[in-house]
2 protein chains.
Amino acid sequence: MLRISRLTDYGTVILVYLAQRGDRLCSASDVAAETHVALPTAQKLLKVLAKAGLVESTRGSEGGYCLARPPSSITAAEIVDALEGPVAITECSTEASQCELESMCHTGGAWQRINQAIRDALADVTLDELDCPPPAARTPAHKTAGVTARQQR
Amino acid sequence: MLRISRLTDYGTVILVYLAQRGDRLCSASDVAAETHVALPTAQKLLKVLAKAGLVESTRGSEGGYCLARPPSSITAAEIVDALEGPVAITECSTEASQCELESMCHTGGAWQRINQAIRDALADVTLDELDCPPPAARTPAHKTAGVTARQQR
DNA sequence: CAATATCGGACTATTTTAGTCCAATATGTT
DNA sequence: AACATATTGGACTAAAATAGTCCGATATTG
């Protein structure tokens, strides 16, 4: 259905939470408790985010995670890239793969354009914008105004 | 990885082929042979596309499929909608679902905006634009210029 | 009436995604 | 120095979405 994975969704919530905490370190347990993401899942996500360089980790007692950069410099595109790999609408956008079977593959350029447009849209939103529902302005004409779902398990 | 499903990819190829054929009827076997999509899969896709109103079907001997509307009036958004349901980046964009757990769901408005941007990008591309690599103009600055992959089975 | 082709649904297999767990390592405290 | 706490890394299982297949029914043409 052309959606981001649940893990990416959870990961975003976690990042938003870390953004709210500022520079203070948060253990994985803290994050899980506050965001209502299952602990093992939160641990997994924090590991991935750390490897991607979006959060920094401190080991040992009193250790924990915090954002590696200010929230205004982290974009949705980076988050998606970190959690589910580079955006690639069509299959061959990433790998060479066995295409061009007799050059009958007429679809191509346009999907690349769409892909780029999506990337642009993602790059345009930063973490601090994800923090809170829009400041009453922006684009108020949305039909399905429900808030993002999130379930415990 | 935020990609369209393979079926949607195949479906697009099929629609492009039908567009090239103009008003002439094509049997599912024809389509499968020409597009190199497995026959049962092509049948399935054509059924879905017919139900969505993108193609018209004629039964009986000498029957087949053809586009229901001119290619310039069919957008990528419609194709995606038909083949994998409405675009909904986040889980609750579609159903009410059990969200707002203690109103700690701060992520919301921004994803809706991203979702809308993606829809706009999809709505901006029509079937005849998907037909062929871009007419040398548009946005020539794309890095990954590979053509979309498609494999037999 | 026979041949061809869509229609509609059910069904299986495959792949991707979620989620869990455990041993190892690092840091601070007693 | 030893212990408690917390990250790290990888492997592993379970669940769900996606792909792909098949069959009987229906409609149309010759």
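In what follows, every chain begins at residue 1, and chains take the letters A, B, ... in the order their sequences are listed. All heavy atoms count here, side chains included; hydrogens, waters and symmetry mates do not.
- Atom CD1 in B/Ile14 sits roughly 12 Å away from atom P in C/dT6 (whole-Å rounding).
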Output a table of nitrogen or oxygen pairs between the protein and nucleotides 22-26 of chain D separated by less than 3.5 Å.
residue, atom, partner, partner atom, Å
D/dT26, O2, B/Arg59, NH1, 3.2

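- Side-chain atoms of B/Leu67 and B/Leu127, non-hydrogen and from C-beta on, do get closer than 4.5 Å to each other.
- For A/Glu84 and D/dA17, the CD to P distance is 15 Å, given to the nearest whole Å.
- With sequence neighbours left out, the salt bridge (Lys or Arg N to Asp or Glu O under 4.0 Å) criterion links B/Asp30 to no other residue.
- Comparing C/dG19, D/dG10, C/dT6 by their closest approach to the side chain of B/Tyr65 singles out C/dT6.
- Looking at the side chain of A/Leu7, the nearest of the listed nucleotides C/dA18, C/dT6, C/dT20 is C/dA18.
- Under the salt bridge (charged side-chain N to carboxylate O under 4.0 Å, His left out) criterion, the residue pairs touching residues 61-77 of chain A are A/Arg69-A/Glu78, with sequence neighbours excluded.
- For B/Ile114 against A/Ala76, the heavy-atom pair with the smallest separation is CD1-CB, 4.0 Å.
- For B/Ser5 and D/dA19, the shortest distance from a side-chain N or O to OP1 or OP2 is below 4.0 Å.
- For the salt bridge (Lys or Arg N to Asp or Glu O under 4.0 Å) test, no residue two or more places apart in sequence or in another chain qualifies with A/Arg59.
- The closest side-chain heavy-atom distance from A/Ile4 to B/Trp111 is below 4.5 Å.
- To the nearest angstrom, P of D/dC12 lies 14 Å from NZ of A/Lys44.
- The nearest pair of heavy atoms linking B/Glu34 to B/Tyr17 is CG-OH, 3.2 Å.
- A/Thr58 has no side-chain polar atom (N or O) that falls below the 4.0 Å cut-off from OP1 or OP2 of C/dT27.
- Atom CG in A/Leu39 sits roughly 15 Å away from atom C1' in C/dA18 (whole-Å rounding).
- Among residue pairs with one or both ends in residues 17-26 of chain B, none qualify as salt bridge (charged side-chain N to carboxylate O under 4.0 Å, His left out); sequence neighbours excluded.
- Set against D/dG10, D/dT21, C/dT15, the side chain of B/Thr41 has D/dT21 as its closest nucleotide.
- Between A/Arg3 atom CZ and D/dA17 atom P the separation is 8 Å, expressed in whole Å.
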Got a list of protein N/O to nucleotides 3-5 of chain D N/O distances below 3.5 Å?
residue, atom, partner, partner atom, Å
D/dT5, O2, A/Ser61, N, 3.2

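- Atom CG of B/Leu45 is separated from atom C1' of C/dG8 by 15 Å (rounded to the nearest Å).
- At whole-Å resolution of the value, CG in A/Leu25 and P in C/dA26 are 18 Å apart.
- Each of A/Ile4 and B/Ala50 was assigned the nucleotide of DNA chain C with the nearest heavy atom; the assignment lying further toward the 5' end belongs to B/Ala50.
- Using a 4.5 Å heavy-atom cutoff, the side chains of A/Leu83 and A/Leu49 are in contact.
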